[in-house]
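I have placed the structure first, in the form of structure tokens, so that the comments after it can refer back to it.
The model shown is predicted, which means the values in this text are computed figures rather than measured ones. Each ligand, and each atom within it, is numbered from 1 in the order the structure gives.
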Amino acid sequence: MVPFYVDMTSRMIVAPGIEVEDLMALPIPRKVNAQDLKLESYEYITNEDYNAIEESDKKKVMEYLKVCSTVANKIKNNFDSDRSESKNFEINDDLIHEYNKDIDTKEDHVLLKVFNEISKKSVDQNQNLVDGKLNDFVSDLLQKPEYDLSLDMINRVSKNERLIRTLVDIVSENNVPKKEIKVLEINFNKNIFAEEIDNHLASAAIYPIDVDYNIAVKSTSNVKEDVRKSFKVTEWDVEKSSFPVDVTLANLVVFNDSQDLWDLSLADFLQELYDCISSKGFLISVFRYRLTEPELALNALKGKNNVNERDLIKRINDFAKEAESVGFSVISSKSDSIGTTALLFRKIATKEPELPDDKNVIEINDKTEQWFETIKQKLLDQKESERNDEEIWLIANDSSKNGIVGLINCLRLEPGGETIRCLFNCDNTPVNFKDKPFYNVLANDLAVNVLKDGHAGLNFKDVMFATGRIASGPLSLFTDCLIGIEFAGRRRDTGERVCGFDMSRCFATSVDAMEQCITTIPDNWSMDDAVTILCTYSTLWYGLIERAHIRKGDSILIHSAAGGIGQAAITICQNYDMDIFATVGTEDKKKFLMTEYNIPENRIFSSRDIQFKFRIKALTKGKGVDVVLNSLTGDKLEASYECVADCGRFVEIGKYDLQMNKQLGMFSFLRDISFIGVSADRKLFMDKDFIDRFFDWMHKNCNNGMIKPLNKNIFKAEEAEKAFRYMTTGKHMGKIVLKMREEENMKIVVNGYTPAPTLKTTTKTYFNANKVYIITGGLGGFGIELLHWMLHLGARKFVLTSRKGVKTAYQKYIVDRLKSFGVNLQMFRSDIVVSTHNSNTIEGAKGLMAEASKLGPIGGVFHLALVLNDCLLENQTFDKFQETIDSKTKIFENLDKITRESKLNLDYFVVFSSVTCGKGNAGQANYGYANSVCERVCELRKKDGLNGLAIQWGPVGDVGVIADTEMSALSGIVKQRINSCLDTLDKLLQSQKPVRAKRLTQSGTKESRIVSQIWCALGIDPKTTPDHLTLGEIGMESMFAVELQQGLERDYDIKVSLTDIKNVTIRMMKDFENGKIDELRVFADDLKSCRNKLSKIKFIIPTDAFTKLNSGKTGKPIYFLPPLEGIFASLEALAEKMDRPVIGLNWIKDMENMGSLKEISKYYIDLLKAIHPKGDYDIVGHFYGALIAMQMLKKKAPIGKAVIIDMLSDIKIDEDMMSDDYLLELIITFIAKDLPKVVKDKIRRDVALKPDPNSKLIKISDELKDFVGKSLVSRDLEDILINSFKRAKLFSTYRFNMKNKFKKIKIEIGRKYLEMNGKLLIIKLFEFGNTKVSEVDQDMSERIKNAYFLPEKGLEGKLNFETIDANPESISLNAFEKISFSMNEFLSKK
Ligand SMILES: NC(=O)c1ccc[n+]([C@@H]2O[C@H](COP(=O)([O-])OP(=O)(O)OC[C@H]3O[C@@H](n4cnc5c(N)ncnc54)[C@H](OP(=O)(O)O)[C@@H]3O)[C@@H](O)[C@H]2O)c1
């Protein structure tokens, strides 16, 4: 922690060594959590459930079936002459039409599609199909893959969480504490369950579970590609083998029955199933037990080979009977009441369970001291004993407020805890394991057993009700809702017609606005009129009248003048007799202004370009306008700014460029002009008098033509979506009004008002500003955030409890800040009381309630107080164990008791529980137990008609008890950002179920889990983040990079250095997520080899005039001219392959001052003469080195032979070639040519941010050093880059100038070459592709000649061409081989 000081007056933050000035907070659209968030509810579900489907799902299926039946019935009527039997399904055509809309996109509407196809067939007068038999047609249709009924909604049972999920949960609960599970799914239908079941299993515990999932199918073509990719899919040919795959010891087999398997011998099949399942493993089998009405209708149309309900029932009975006879026990059976049933079997070795020893039965009740030591000892014994399969039974039989479920969930994860079983007998009847239902509990040997209402074998488990991505937090700093700032309606208390402002939330049927923000509506306005006035006219009154002081006769340019603000501005300005110029976006709008506002055509311009600037200048004789009312952006803003006359005013009402911090030239201020930035919304809520003054002006001018209600498009509340869509089309002129209810005709005061229509809405939490909210433990990490969030959503009165009151500087800072906030922004004024009453006692709790009541009626309790004492039970002390329990349960139970006694039904009675309680966590048995008790309190309250809600939070990342605890980012336990928690809280508080859970889950493959961790850690949404960005650029923390690096090495044997982890791109991570692991490996290898290469290059400017480049000793030397970078590293491989000594002519420091190619070539010729006075030199030049070589060849220079490796003929000679950007790109391509594209691209992006070529080159050097690290010999790297840049500029300029000259004095230049002594070979490198090119064609030879300014004719015999198949930008060793072969041959020729 770094201490820091915040000074609000100067807006400075000062910490040791750092000062931040003028801090400005702007919300940024970063997606905070890209992971799947699961919202779950915990409730009681019987193991025998015959209505295992959510009511809403059932309704949906039933409606669909009715639609299908109606269509089926129509078909029947069409085909049957006897129509008397037809049923009326009460489905109207509109609904059918709705279902048929876009039906092709509705994957699960197969049945309906089938009926649609049939109904398209025509029949003759005898009611027979015109082209064939109906039965055959239907049978054929059903054979087609797109009409496979297993994909129909009715068969998509895996989507029904209540049916399958509840069974899968039993399986995973009993898999604890193992971290992996093996599953085999046998499914001959297309509706594979794997994705859903895998997901449930993988996220069932607090840590991720590795699911080894195999699927046996009839044909892999039945399986979707992504399923095939994610799971092991095997085909099972029933004819050939009696069992699908060689899976042994599966912990779970999922069997989806299919008629294809009915011929198998059940006895054999079940025996094989039994054999492949591990001891105490499970079998889930899914059957159809009934055919629905439309399915029967379809069968009738098909006419043959139909199964009936009797067959289905018989199949299930036979299966269950056979299963029991091979040794399975039925644990649970669920049916969706529509047509599907699922059975859960368990492989139990012994039929007769052993009765537990009395000493192993421990009663759990609220007297912790009675059981704490016993369990602790038992666990220790279990751990130490050789034979640790003795089961320990924890039994709760005292009250339904028992925390046993949370307790066992945690204990089972502790050493020795596997053998613990629990029985929660909510009926409080004596437990006797010899009798039913207790005997069955014993026999089934499930870990967690809950008995309730006389039903046996029940199970407390979660049913997920929704899963999805929760949008990121609000964009606004003050409120959660950004839209709707003005409203009109009637006062509830007086019935008066009023209009006013409220900080958002005005798209509502009722508004709780502040008195000072409301005014009466003038009688000559309707309510619709009033809402068109408020925002528009307040902005203009403030911008034009109060700030810009418009005067009679002023001229004004009004942009987007047909819009709401524009029209209002015209009205005001016409009232001021001003000279108006306007811009509009379309011709229609222009006509509108001409007819409605009498603006002459020649004063209306387009707002789509900047022509208006010239037109206005012309019309005002160059003077410009006195006032510009601007809302345009970019170049149009600049053009508008230039339209302002001397001493004029520029009134900016658009926000975009202001937020983008766009710069405007100061020069114009010399002309005495004013820039006025208008933020009326800010003024509205910050300046108390502002609204008063505006309302005053409004009332004075509502009748005299200064203010006129605007044109409007009115939409009904039900059409809100349409209204928003309409707005985005930009077609509207004036305002768009959303009308919640019709206005009564009378403009007078009326008591009672027309109710608003019933609307389909999304509920949102809103707190009552007059009520008091108690937050126990409110000064803790979560509490302080909750406080802010509630404030944001309307709450203003709080009592926070704490044992010792405000202690830390942070707590004090928060409390003080909220107080000062209220001083500046009155509407946020809040009362915050910190109470230290000890609510662990009933008196203390009463004191707390009394203290809170002083502030107002109590609206709710949020119980957050907690003292955490994590420790494995074997090391735990009783006092610490109890302290945690008390901190949670006592306060909550006390407040429950007191509020019940005083008959207070609070709006909220919430406890913050934890996933520890629902899923278990080792070391938190006390916490799990305590939360569990609180959850039961909530259930009882709900049962009694009171509000009560327990929320099981997952670990929170940024604040609170575990924020600072180390948790491996890859451990799979995901910490959630607090703002995401609060987003969800909004939804959870609207929930009707007493126990809710919310946490981030990790499902999918190991790779996708790792990657989703990365998205989360980086706080990005991968969908909208550009693929090319690297993890380093996005800001991956080093700690996380280390973890990722270690993870890749440990699990995938991919060795990537820490620096390279930061070079990994989003694209690569996405590939990795999709299982393309090798790409990351290849990338890592590439980086390694490239780093190797670079570290061998010595970036040192040579001091000697020449260097020997190969080991050749005999023969005439070959002289290499220096490449662009001045060092020979890139040509060493070629030199090595030459059969004569190769000498590199260095580019030494002294040459940097040479300003022309002529000078350079002269220098080298002189140098050669000095080395080897005899002359007849063989020289080689590559790229720009080729230019030097060519220069040296001219006239009668003593050159014997010259070889040029050409690249220049591919570079167009134009002005661009001399631009800094082009030259920099050249440097990156050459110097950094070996770098992988990703790194090169990153360098390009970083370089682009630097202002001038020099700093850009230094950046390239830094990046290279950073990339290669210490092993890079880079003494002169920076200079080498800077010199290369200069050289490149020199050569480019030479070429550009020559090109111009060449056109004119071609012959003269050419002549210089005609006189040359030597012979020239030009080697052209390019990738042949499919063409076999051996010779340079006419075209190419012309291009090459032009590139080096050679004459077209006359060089015959002296000039030779050669082509080589190679990539010129990165010449491979193989290419060097070919080049050197050609060169050696040419140079050795006489
Ligand atoms: N943070 C998480 O990751 C997370 C996850 C799941 C659930 N939760 C739940 O969220 C709640 C808040 O957690 P947190 O992270 O904010 O914890 P926290 O920072 O430790 O805050 C809890 C506060 O409770 C106060 N407290 C303890 N005993 C009290 C008592 N008898 N009377 C009044 N106040 C008392 C403590 O303040 P004093 O010392 O001033 O008394 C402490 O600041 C807890 O109930 C926790 O179970 C948190």
Side-chain angles (χ1 to χ4, degrees), residues 206 403 406 410 774-789 798-808 810-812 814-815 833-845 847-848 851-852 861-870 880 882-895 910-921 924 926-935 938 949-967 973-982 984-985 988 995-1000:
I206 199 163
C410 293
I774 298 174
I775 308 179
T776 70
L779 291 175
F782 211 148
I784 285 179
E785 300 302 319
L786 176 70
L787 169 72
H788 280 90
W789 183 76
F798 300 93
V799 176
L800 314 181
T801 77
S802 155
R803 287 163 301 177
K804 299 180 205 88
V806 173
K807 294 188 297 279
T808 65
Y810 180 66
Q811 291 168 339
K812 182 171 177 335
I814 292 294
V815 173
V833 170
V834 175
S835 163
T836 48
H837 283 284
N838 178 7
S839 311
N840 276 6
T841 65
I842 199 88
E843 291 72 31
L848 169 66
E851 194 172 2
V861 166
F862 290 83
H863 178 42
L864 275 70
L866 160 75
V867 180
L868 207 55
N869 290 304
D870 290 357
K880 294 269 174 208
Q882 188 63 41
E883 187 185 29
T884 296
I885 296 178
D886 286 349
S887 73
K888 282 245 122 166
T889 57
K890 285 216 166 124
I891 304 180
F892 202 54
E893 286 184 290
N894 286 342
L895 292 176
V910 182
V911 58
F912 280 16
S913 171
S914 160
V915 284
T916 290
C917 171
K919 317 259 176 198
N921 195 16
Q924 292 199 308
N926 48 358
Y927 185 49
Y929 172 85
N931 279 320
S932 204
V933 171
C934 294
E935 292 179 0
C938 291
L949 172 68
I951 300 171
Q952 292 187 359
W953 296 105
V956 180
D958 358 37
V959 294
V961 260
I962 51 165
D964 297 327
T965 52
E966 281 297 317
M967 202 184 260
I973 301 178
V974 196
K975 282 187 191 175
Q976 173 119 35
R977 297 262 170 197
I978 185 74
N979 56 347
S980 164
C981 294
L982 293 169
T984 336
L985 183 59
L988 295 177
V995 182
R996 304 307 301 256
K998 185 228 80 155
R999 65 189 194 106
L1000 280 176

Report summary line: atom 10 (O) of ligand 1 sits nearest the protein heavy atom F912 CB, 3.6 Å

**Report entry** atom 24 (O) of ligand 1 - nearest protein heavy atom and its distance
**Finding:** L866 N, 3.2 Å

**Report entry** Polar side-chain atom of N840 near backbone of K890 as donor-acceptor pair, under 3.5 Å
**Finding:** no

Report task. Please check if the side chain of S835 supplies one atom and the backbone of L800 the other of a donor-acceptor pair under 3.5 Å. Result -> no

Query raised in the report: Are T776 and ligand 1 in contact, using a heavy-atom cut-off of under 4.0 Å?
Result: no

Requested in this report: Check the pair K888 / V933 against side chain to side chain contact (heavy atoms under 4.5 Å, CB included), numbers first and verdict last.
Outcome: CA-CA 9 Å; K888 282 245 122 166; V933 171; over 6 Å; no

Query raised in the report: Would you say ligand 1 has an N or O under 3.5 Å from any N or O of V956?
Result: yes

Query raised in the report: Any heavy atom of G954 sitting closer than 4.0 Å to ligand 1?
Result: yes

Requested in this report: Would you mind reporting whether T916 and Y929 have side-chain heavy atoms less than 4.5 Å apart?
Outcome: no

Query raised in the report: Side chain of T884, backbone of V867: donor and acceptor closer than 3.5 Å?
Result: yes

Report summary line: Closest heavy-atom approach to atom 21 (O) of ligand 1 among P955, S802, G780 is made by G780

Report summary line: atom 33 (C) of ligand 1 sits nearest the protein heavy atom T801 OG1, 3.3 Å

Query raised in the report: Between Q811 and L779, is there a donor-acceptor pair closer than 3.5 Å when you use the side chain of the first and the backbone of the second?
Result: yes

Query raised in the report: Does the N838 side chain pair with the main chain of R803, one donor and one acceptor, at a distance under 3.5 Å?
Result: no

**Report entry** Structural part of S913 in contact with ligand 1, heavy atom criterion under 4.0 angstrom
**Finding:** backbone

Query raised in the report: Considering only heavy atoms, does L868 approach ligand 1 within less than 4.0 Å through its side chain, its backbone, both, or neither?
Result: neither

Requested in this report: Return a yes/no value for L779: is any of its N or O atoms, backbone included, closer than 3.5 angstrom to an N or O of ligand 1?
Outcome: no

Report task. May I ask whether D886 has any heavy atom positioned less than 4.0 angstrom from an atom of ligand 1? Result -> no

Query raised in the report: Any sub-3.5 Å donor-acceptor pair from T776's side-chain atoms to L864's backbone N or O?
Result: yes

Report summary line: ring-ring contact (aromatic ring centres under 6.0 Å, His included) with F912: of Y927, W953, F892, only one passes, and it is W953

Query raised in the report: Of all the non-hydrogen atoms in the protein, which one sits nearest to atom 16 (O) of ligand 1, and at what distance?
Result: F782 N, 2.7 Å

Requested in this report: Taking atom NZ of K812 as the centre, report whether more than 12 heavy atoms of other residues, nucleotides or ligands fall under 6.0 Å from it.
Outcome: no

Query raised in the report: Under a heavy-atom criterion of less than 4.0 Å, does K807 contact ligand 1?
Result: yes

Report task. With atom 35 (C) of ligand 1 as the reference point, say which of S914, G783, A865, G781 has the nearest heavy atom. Result -> A865

Requested in this report: Using distance alone, decide if ligand 1 has a nitrogen or oxygen within less than 3.5 Å of any nitrogen or oxygen in K888.
Outcome: yes

Query raised in the report: Judging by distance only, is a nitrogen or oxygen of I891 under 3.5 angstrom from one on ligand 1?
Result: no

**Report entry** Heavy atom of the protein closest to atom 30 (C) of ligand 1 (residue, atom name, distance)
**Finding:** R803 CG, 3.5 Å

Query raised in the report: Does the side chain of V961 reach to within under 4.5 Å of the side chain of L866, using non-hydrogen atoms?
Result: yes

